[in-house]
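None of the values given here were measured: they were computed from a predicted structure. Numbers restart at 1 for each chain; the letters A, B, ... are given by sequence-line order, proteins then strands.
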Number of protein chains: 2
Amino acid sequence: MNGEAEKVRTLDELESEVIALFVRAADMLNLPRSVGELYGILFVSAVPLCLDDCRIRLNISKGSTSQGLKILRSFGAIRTVYVPGDRKDYYVAETSLRKIASGFASEQIQPHVASGDDRIGRIREMLDAYESDTKDDLTEKVELLENWQRRAGKALPLILKLIGK
Amino acid sequence: MNGEAEKVRTLDELESEVIALFVRAADMLNLPRSVGELYGILFVSAVPLCLDDCRIRLNISKGSTSQGLKILRSFGAIRTVYVPGDRKDYYVAETSLRKIASGFASEQIQPHVASGDDRIGRIREMLDAYESDTKDDLTEKVELLENWQRRAGKALPLILKLIGK
DNA sequence: CATGATGTTCAATATTTACTGAACAAACCG
DNA sequence: CGGTTTGTTCAGTAAATATTGAACATCATG
């Protein structure tokens, strides 16, 4: 009988479907497909996996795997676990949405918000040293920008709060 | 004297800086650069602009301009204004952050969330028709997914609330 | 230290995505 | 209608981005 084989086959399909889910999520967040695949394979795995495990199962290159794991580490979407008697690094997916979201926010979003702040500051300076018949209109608009920026800055921490633990 | 010329020059720099701000914002939101440029030029302009005004000022093609304005319209980031005695469509930038954000959320994000729902539904079905020694672990994980999805769905409207008017 | 195992980097390449411009459709107007 | 203006579409091309794989670093261990 092929009962065993069927079980494995079904698991493969389930795995693929979960991975596909994270590939789409990665796409939404502007991350490379391989990063979604890597998070997916670690998320479904019942045991920690090392670089080569991921690489072989996903059939992607060593380079992509190394780079992808680095990205996932950078915002705390995965963490390493120590496996006694093995020199390799083993990874598991972080399952706290709060941790992942806040890591993502502070590593991938916050820098953009900050550099936006800088630019608006420069725009304000240029405006102050400027005269024209549209100055009033421009001033209003720069103030609108400053307002948006303020609200965006406040929104991030609040979003994390309401995502909860 | 070149007082006039200097004023214009300064305005150009200011305009460029504002446009650059929205180009970066577009990048963050995964929208083409040209879409950021278009919103930017409309945002800084004291008067409504038509397709050709935008195209010429930004030095981009008719095709990009048409496509970009369509995208901006699709989530309400710009609106058309009627100019008597002119057959062309004129556009102004929407300045209500709430309107833009909610348009963006419902047009660009919500569809992804919905298709994620579908996929998780399918994953759940596959899991229920499945047996193995890791079923318990997988069940926990699928429940985690369902939990995330639920929270993501609730977060969107809340984010809009706290962005305010 | 020499070896082999593990992971990283980066130049070359493949893939994806955006942009262009010319052909086309629609609407107005004499 | 025929000509003109305005805007859209889409096949081809250009530009940006991700992936590969081989060379390189690191390090534990005999």
Side-chain angles (χ1 to χ4, degrees), chain A residues 19-20 22-42 48-75 77-92 108 111-112, chain B residues 19-20 22-42 48-75 77-92 108 111-112:
Chain A
I19 291 169
F22 287 112
V23 165
R24 275 191 335 88
D27 192 57
M28 249 180 56
L29 299 174
N30 238 339
L31 295 168
R33 158 187 197 83
S34 62
V35 168
E37 294 178 317
L38 284 164
Y39 185 83
I41 198 77
L42 288 169
L49 303 177
C50 68
L51 189 148
D52 253 33
D53 294 335
C54 295
R55 181 180 69 72
I56 291 165
R57 295 220 208 183
L58 296 173
N59 191 32
I60 61 181
S61 72
K62 234 174 141 197
S64 275
T65 311
S66 173
Q67 189 54 29
L69 291 172
K70 183 182 188 170
I71 290 169
L72 288 169
R73 270 180 337 240
S74 81
F75 59 88
I78 61 177
R79 67 209 148 70
T80 55
V81 295
Y82 176 64
V83 173
D86 198 324
R87 192 140 72 74
K88 294 194 282 295
D89 291 332
Y90 281 83
Y91 296 96
V92 293
Q108 317 275 312
H112 290 266
Chain B
I19 290 168
F22 287 112
V23 166
R24 276 192 335 89
D27 192 57
M28 249 180 55
L29 299 174
N30 238 338
L31 295 167
R33 156 186 200 85
S34 63
V35 168
E37 293 178 317
L38 285 164
Y39 184 83
I41 197 76
L42 289 168
L49 303 177
C50 69
L51 188 148
D52 253 32
D53 293 336
C54 295
R55 181 180 69 72
I56 291 164
R57 296 220 208 183
L58 297 173
N59 191 32
I60 60 180
S61 72
K62 232 174 144 197
S64 275
T65 311
S66 174
Q67 189 55 29
L69 291 172
K70 183 182 189 172
I71 290 169
L72 288 169
R73 271 183 334 243
S74 80
F75 59 88
I78 62 177
R79 58 209 156 72
T80 54
V81 295
Y82 177 63
V83 174
D86 198 323
R87 193 143 70 73
K88 293 193 284 296
D89 291 333
Y90 282 82
Y91 296 96
V92 293
Q108 316 275 312
H112 290 268

Within residues 65-73 of chain A, residues whose heavy atoms come under 4.0 Å of DNA chain C: A:Ser66, A:Lys70, A:Arg73
Euclidean distance, atom CG of residue A:Asp52 to atom C1' of C:dT8 [Å, nearest integer]: 14 Å
Atom-pair distance (CG on B:Asn30; P on D:dA16), nearest Å: 16 Å
Sugar-phosphate, base or nothing in reach of A:Asp89, heavy atoms under 4.0 Å: sugar-phosphate
Heavy-atom check, side chain of B:Glu37 versus side chain of B:Ile41, under 4.5 Å: no
Nearest-angstrom distance from the residue atom CZ of B:Arg55 to P of C:dA22: 12 Å
Out of C:dT17, D:dT19, C:dC19, whichever nucleotide has its closest atom nearest the side chain of B:Pro32: C:dC19
Salt bridge present between B:Asp27 and B:Arg24 (N-O < 4.0 angstrom): no
Integer-rounded Å distance: D:dA18 P and A:Leu29 CG: 13 Å
Donor-acceptor contact present, side-chain A:Ser66 to main-chain A:Lys62, <3.5 Å: no
B:Leu51 CG - D:dT8 C1' separation (whole Å): 10 Å
Rounded distance [0.5 Å steps], CG in B:Leu29 versus CD in B:Gln108: 9.0 Å
Under-3.5 Å donor-acceptor pair between B:Arg87 side chain and D:dT5 base: yes
Atom pair CZ (A:Phe22) and CG (A:Leu42), whose distance is rounded to the nearest 0.5 Å: 10.5 Å
Non-hydrogen atoms of B:Tyr82 and B:Pro84 that approach each other most closely: O-CD, 3.7 Å
Whole-Å distance separating the CG atom of A:Leu31 from the C1' atom of C:dT17: 17 Å
Distance, rounded to the nearest Å, where A:Glu37 contributes CD and D:dT19 contributes C1': 11 Å
Nearest-0.5 Å distance, CG of residue A:Asp89 to CZ of residue A:Arg79: 14.0 Å
Between C:dG4 (P) and A:Asp86 (CG): distance, integer Å: 19 Å
Residues touching DNA chain C, which here means a heavy atom under 4.0 Å, drawn from residues 57-64 of chain B: B:Ile60, B:Ser61, B:Gly63, B:Ser64
Donor-acceptor pair, side chain of B:Asp86 and main chain of B:Val83, under 3.5 angstrom: no
From CD1 (A:Ile60) to CZ (A:Arg55), nearest 0.5 Å: 9.0 Å
